[in-house]
Amino acid sequence: MSADSSDVRRARTPTDDEVLDFWHRQQHLKADRQLVFAVLRWRGIPVTNLVRSRVNLCGSRERLELWMRRAVHAKDAAEVFAEE
């Protein structure tokens with residue numbers, strides 16, 4: 001394989017705006033996760049290790065919002081995380 005500079009692909013470095021956008025998305029996800037935990041605690045639903053893992057692994061703000069809405073009226077974690 002040739003080490004010709006025309007064959008070498010350079011790794012793209014993210015721009016400052018892209019890094020900032022990523023950071024903001026992560027902060028919003030973190031806040032949404034904390035809200036899910038808060039609603040569960042307010043409702044008296046235990047935040048078990050399994051619940052904590054499921055919420056912490058979620059990367060969708062829409063899904064976290066759905067879980068928050070469900071947690072408001074749920075009797076247990078199974079109702080919160082039930083599949084549609």
Side-chain angles (χ1 to χ4, degrees):
M1 206 186 269
S2 164
D4 185 345
S5 63
S6 63
D7 292 340
V8 176
R9 294 184 184 193
R10 297 188 191 274
R12 185 180 168 282
T13 326
T15 65
D16 289 345
D17 287 341
E18 289 171 328
V19 171
L20 191 56
D21 287 345
F22 176 80
W23 184 84
H24 279 127
R25 282 193 306 276
Q26 295 308 308
Q27 293 304 306
H28 287 290
L29 283 168
K30 182 178 178 181
D32 290 346
R33 290 178 184 121
Q34 293 305 313
L35 285 171
V36 171
F37 295 139
V39 174
L40 290 171
R41 283 193 306 272
W42 293 332
R43 298 280 301 133
I45 299 171
V47 178
T48 64
N49 287 338
L50 183 61
V51 167
R52 187 169 299 284
S53 289
R54 186 155 188 186
V55 171
N56 281 331
L57 290 173
C58 182
S60 166
R61 293 192 73 196
E62 293 78 18
R63 180 156 304 240
L64 290 167
E65 183 180 327
L66 171 66
W67 291 345
M68 278 185 264
R69 286 195 316 267
R70 287 181 178 175
V72 170
H73 300 289
K75 295 179 193 114
D76 57 31
E79 285 185 30
V80 174
F81 300 111
E83 296 303 319
E84 289 83 349

As a test of understanding, state which of Leu35, Asp32, Leu40, Val80 forms a side chain to side chain contact (heavy atoms under 4.5 Å, CB included) with Trp67.
Val80
Heavy-atom closest pair (Val51 atom, Pro46 atom, distance to 0.1 Å) is CG2-O, 4.2 Å
Given side chain to side chain contact (heavy atoms under 4.5 Å, CB included), test Asp21 with Arg25 step by step and report yes or no.
CA-CA 6 Å; Asp21 287 345; Arg25 282 193 306 276; 3.7 Å; yes
Between Gln26 and Trp23, is there a donor-acceptor pair closer than 3.5 Å when you use the side chain of the first and the backbone of the second?
no
So do the side chains of Ile45 and Arg41 get within less than 4.5 Å of each other, counting heavy atoms only?
no
Before accepting this row, confirm whether a basic side-chain N of the pair Glu79/Arg43 lies closer than 4.0 Å to the acidic partner's carboxylate O.
no
Does Val36 share a hydrophobic cluster with Leu29, counting links as ILVMFWY side-chain heavy atoms below 4.5 Å and allowing steps through other members?
yes
To the nearest 0.5 Å, atom CG of Leu50 lies from atom OG1 of Thr48 at 5.0 Å
Quick one: does any side-chain atom of Arg70 pair with a main-chain N or O of Ala82 as donor and acceptor, under 3.5 Å?
yes
Rounded distance [0.5 Å steps], CG in Leu64 versus NZ in Lys30:
14.0 Å
Is there a donor-acceptor pair under 3.5 Å between the side chain of Arg33 and the backbone N or O of Cys58?
yes
Assigning hydrophobic clusters by single linkage (Ile, Leu, Val, Met, Phe, Trp, Tyr; side-chain heavy-atom cutoff under 4.5 Å), is Met68 placed with Val47?
yes
Decide, yes or no, whether a salt bridge links Glu65 with Arg69 under the criterion of side-chain N to carboxylate O below 4.0 Å.
yes
